[in-house]
Trainee: 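Pasting a structure below so you can have a look.
Below, chain A is the first sequence line, B the second, and so on; all start at residue 1. Values below: every heavy atom of this structure, side chains too, minus hydrogens, waters and symmetry copies.
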Amino acid sequence: MQMLEKAGKAKALVLTLVYQDGTTQLDPEQKLGPPVCGLLALMKNDLDCSTPEDPLGPNDSLVYLKLEHTPAWAQQHAHTSQEHFTRDVLLQVLSRSQPVVCYKAKDFLRTALQFYRRDLSWKRVAGCLIQDPQVSGWLLDPANPSSCYQDLLNKHSKRPPTTSALGVKKVSRVISGLCSLFWLNMELCSKLQSQGLWELYSDMELSMISVLAAMESHRIHVDKDALKRTSDLLGTKMKQLEQEAHRAAGQMFLVTSNTQLRTVLFEKLCLHERCENKKLPKTVNKQQQSTSEAALLQLQDLHPLPKIILEYRQVHKIKSTFVDGILSCMMSKNYISSTWCQTSVVTGRISAKHPNFQALPRQPLQITKKQYIQGKEEEVVTVHPRAMFIPQEGWTFLAADFCQVELRLLAHLSADPELLRIFTHPQADVFTMLASQWKGVSEVEVTSEDREHAKRVVYSVVYGAGRERLSGILGVSGEQASRFQDSFLQTYREVQAFIQRTVQKCHNQGYVLSIMGRRRTLPNINSPNWGVRMQAARQAVNFVVQGSAADLCKTAMIRIFNLVSSSGSLSARLIAQLHDELLYEVEDSQVERFAALVKSTMESLQHIDHLGVHLKVPLKVAVSSGKSWGSMSELHIPPSLSPPSPLH
DNA sequence: CTAGCGTCA
DNA sequence: GAAGTGACGCTAG
């Protein structure tokens with residue numbers, strides 16, 4: 001096929017998805033993305049002789065590939081050759097060594113995987129290094145990601161817009177868009193190079209595009225019936241609580257309305273008059289009595305209503321966001337695939353939406369269900385959104401968690417002897433240890449809530465929480481909080497020195513860097529406004545640690561992805577990334593082998609020779625597995641079962 | 001304290 | 001009336 005040969009020989013390929021409404025990825029974002037109908041590829045050979053006025057050089061050419069499945073009954077006849085042609089071009093795009101450029105390349109890769117899910121394995125996208133100006137733009141200035149292609153172009157292109165949009169045919173607009181995309185990519189690449197961001201871009205972020213595309217193309221099974229049952233259960237529970245609230249209030253009112261609740265609590269029941277010793281929070285703009293959680297907690301001993309409202313809100317939150325919310329993401333299917341965003345977090349972490357997989361409750365919710373069956377009047381049921389996610393038949397979920405990554409990185413970055421000692425001679429889990437010290441109980445008595453509490457306290461202090469905020473978290477007076485803060489920073493003196501060093505550096509150069517060279521510029525670090533300046537200082541410190549942790553987690557994802565992709569037998573797939581935790585779906589028979597591989601791959605990141613990363617602390621990875629995301633139990637891996645040869 | 005997304009008034 | 005906003009609550013460190 002001539003065209004295929006031409007595409008293979010082209011010096012560069014510039015791609016965009018085309019949607020059924022005629023728009024492309026270069027047009028401003030649609031609210032609800034229309035379905036894809038094809039792919040437009042510009043094959044560039046004349047890299048020097050095109051001008052803004054005549055973007056298409058004499059040796060450049062354009063091809064439109066229809067993405068559409070031929071019905072099975074028609075396959076023996078006409079259109080199958082075209083379908084195969086498109087697939088072959090896609091395969092070539094995935095494996096070519098010449099540059100391929102696509103704005104929002106992840107969407108392109110995912111679309112390819114979805115259209116050819118029968119005969120295009122997700123492993124095939126592993127080696128693909130498609131360039132993406134959206135990613136480059138974000139790396140250059142992660143705090144201000146561009147909202148659309150035009151935005152990005154305006155921000156970086158030296159030349160003014162090529163042709164005025166009015167009166168020009170849509171086709172020529174798209175063509176000149178693709179040409180500008182090519183030049184924009186060149187421009188961004190040179191900027192990355194001059195900022196020292198090239199390695200981070202080409203070795204990490206570009207690989208992430210494939211990892212995320214493969215992750216998005218996977219279908220996560222959800223127990224839809226159970227989800228519907230819990231939706232109904234929570235619905236009846238809310239009705240019960242509403243009735244209880246009306247009874248407690250002595251009147252009907254809309255429990256979801258804070259205005260009406262305020263009237264009941266403070267004008268009818270006058271609860272604020274009965275707690276003059278406590279300070280009740282006020283609403284910010286109107287200085288009215290607040291009905292926030294903090295206020296209701298203060299009032300809960302005076303009257304039954306606040307407690308009922310608190311429980312109502314809790315149930316409502318779970319139902320609307322995590323039960324009905326997930327149901328609405330499923331449409332008529334019985335699976336979901338989240339959207340994973342690479343360019344929305346300043347620190348380099350990734351985020352998820354529809355649904356936000358990273359925010360599903362960790363703890364199940366206990367519901368007491370009143371039912372009028374003889375013998376038992378009350379039944380306690382636990383509602384756990386995570387338990388709704390199920391591996392496919394014959395597969396198991398496996399989670400691998402980097403234990404205390406940020407704190408370990410802080411130990412490394414600060415070289416604090418005390419913090420290093422905790423991690424190099426671990427008698428116990430750090431947060432468990434601290435919790436047992438603070439609460440005066442033995443380590444075995446520390447509950448998971450205690451541990452969680454200790455964790456919040458530690459991170460709050462190291463990221464610069466003020467006295468007021470810290471007293472809220474610790475549950476002590478402001479004065480005690482201050483004392484705690486002082487003694488903490490005295491115990492870990494080098495941590496304090498690291499914080500000061502980082503802020504100073506940010507002051508001098510205007511930006512800070514993570515261990516792998518990720519960069520955040522903080523213009524506000526020199527603001528004349530004290531509050532604004534202090535916030536920038538905290539952001540600088542947080543960026544160095546959080547950003548470095550993100551670097552490690554991404555490296556882990558990529559290495560594991562490459563190991564599995566290049567293995568003939570391994571089939572484990574990444575389901576989700578919970579920042580420091582990777583969740584995989586693994587064939588039952590491969591669980592042990594894969595667990596050992598994941599653990600050793602992740603822990604081996606203590607030393608990354610070619611990047612000059614040598615952490616002063618060991619990395620610890622905890623692995624767990626289960627037949628639902630809600631019921632994972634720890635897996636103990638013998639230390640050296642099979643040391644993998646790390647690819648990079 | 002720092003990062004997000006989803007829901008609501 | 002619809003669309004935008006800030007507070008809150010869930011997550012992760």
Trainee: May I ask you to say what A:Gln539 touches in the nucleic acid, namely base, sugar-phosphate or nothing, with a heavy-atom cut-off under 4.0 Å?
Mentor: sugar-phosphate
Trainee: Using atom CD of A:Glu452 as one end and atom C1' of C:dG13 as the other, report the distance to the nearest whole Å.
Mentor: 10 Å
Trainee: Report the nucleotide, chosen from B:dC1, B:dG6, B:dA3, that has the shortest atom-to-atom distance to any side-chain atom of A:His354.
Mentor: B:dG6
Trainee: A:Ala352 near the nucleic acid: base, sugar-phosphate alone, or nothing, with a heavy-atom cut-off under 4.0 Å?
Mentor: sugar-phosphate
Trainee: Return the value, rounded to whole Å, for the distance between atom NZ of A:Lys353 and atom C1' of B:dG6.
Mentor: 12 Å
Trainee: Could you tell me whether the side chains of A:His218 and A:Glu585 share a donor-acceptor contact shorter than 3.5 Å?
Mentor: yes
Trainee: Would you please confirm or rule out a distance under 4.0 Å between OP1 or OP2 of C:dG9 and any side-chain N or O of A:His316?
Mentor: no
Trainee: A:Arg313 near the nucleic acid: base, sugar-phosphate alone, or nothing, with a heavy-atom cut-off under 4.0 Å?
Mentor: nothing
Trainee: Which nucleotide, C:dC10, C:dA12, B:dT7, lies nearest any side-chain atom of A:Arg349?
Mentor: C:dA12
Trainee: Check whether any side-chain N or O of A:Ser351 sits under 4.0 Å from OP1 or OP2 of B:dC5, and answer yes or no.
Mentor: yes
Trainee: Taking atom C1' of C:dG9 as reference, at what distance in whole Å does atom CG of A:Asn356 sit?
Mentor: 12 Å
Trainee: Can you find a heavy atom in the side chain of A:Asp450 that is under 4.5 Å from one in the side chain of A:Thr432?
Mentor: no
Trainee: Could you verify whether a donor N or O on one side chain and an acceptor N or O on the other, from A:Asn508 and A:Gln504, lie under 3.5 Å apart?
Mentor: yes
Trainee: Does the ring centre of A:Trp438 sit less than 6.0 Å away from the ring centre of A:Phe431?
Mentor: no
Trainee: Does B:dC8 have OP1 or OP2 under 4.0 Å away from a side-chain N or O of A:Thr256?
Mentor: no
Trainee: Would you please say whether a donor-acceptor pair under 3.5 Å links the side chains of A:Lys237 and A:Thr368?
Mentor: yes
Trainee: A:Asn529 and A:Ser527: side-chain donor and acceptor closer than 3.5 Å?
Mentor: no
Trainee: Side chain of A:Arg386: nearest nucleotide among C:dA12, B:dC1, C:dG13?
Mentor: C:dA12
Trainee: Which part of the nucleic acid, if any, lies within reach of A:Arg538 when heavy atoms closer than 4.0 Å are counted: base, sugar-phosphate only, or nothing?
Mentor: sugar-phosphate
Trainee: Round to the nearest Å and state the distance from A:Ile350 atom CD1 to C:dG13 atom C1'.
Mentor: 15 Å
Trainee: Return the value, rounded to whole Å, for the distance between atom CD1 of A:Ile318 and atom P of B:dT7.
Mentor: 13 Å
Trainee: The side chain of A:Lys317 is closest to which nucleotide in this list: B:dG6, C:dT11, B:dT2?
Mentor: B:dG6
Trainee: Checking contacts here: which listed nucleotide (B:dC1, B:dT7, B:dA3) is nearest the side-chain heavy atoms of A:Val345?
Mentor: B:dA3
Trainee: When we call it a touch if two heavy atoms are under 4.0 Å apart, what does A:Arg408 touch: a base, just sugar-phosphate, or nothing?
Mentor: nothing
Trainee: Would you indicate what A:Gln577 reaches in the nucleic acid, counting non-hydrogen atoms under 4.0 angstrom: base, sugar-phosphate, or nothing?
Mentor: nothing
Trainee: Does A:Val346 reach a base, just sugar-phosphate, or nothing at all? Heavy atoms under 4.0 Å.
Mentor: sugar-phosphate
Trainee: Atom CG of A:Leu310 to atom P of C:dC10: distance rounded to whole Å?
Mentor: 11 Å
Trainee: Find the distance A:Leu582:CG to C:dA12:P and express it as a whole number of Å.
Mentor: 14 Å
Trainee: Could you tell me how far apart A:Phe253 (CZ) and B:dA9 (C1') are, to the nearest whole angstrom?
Mentor: 16 Å
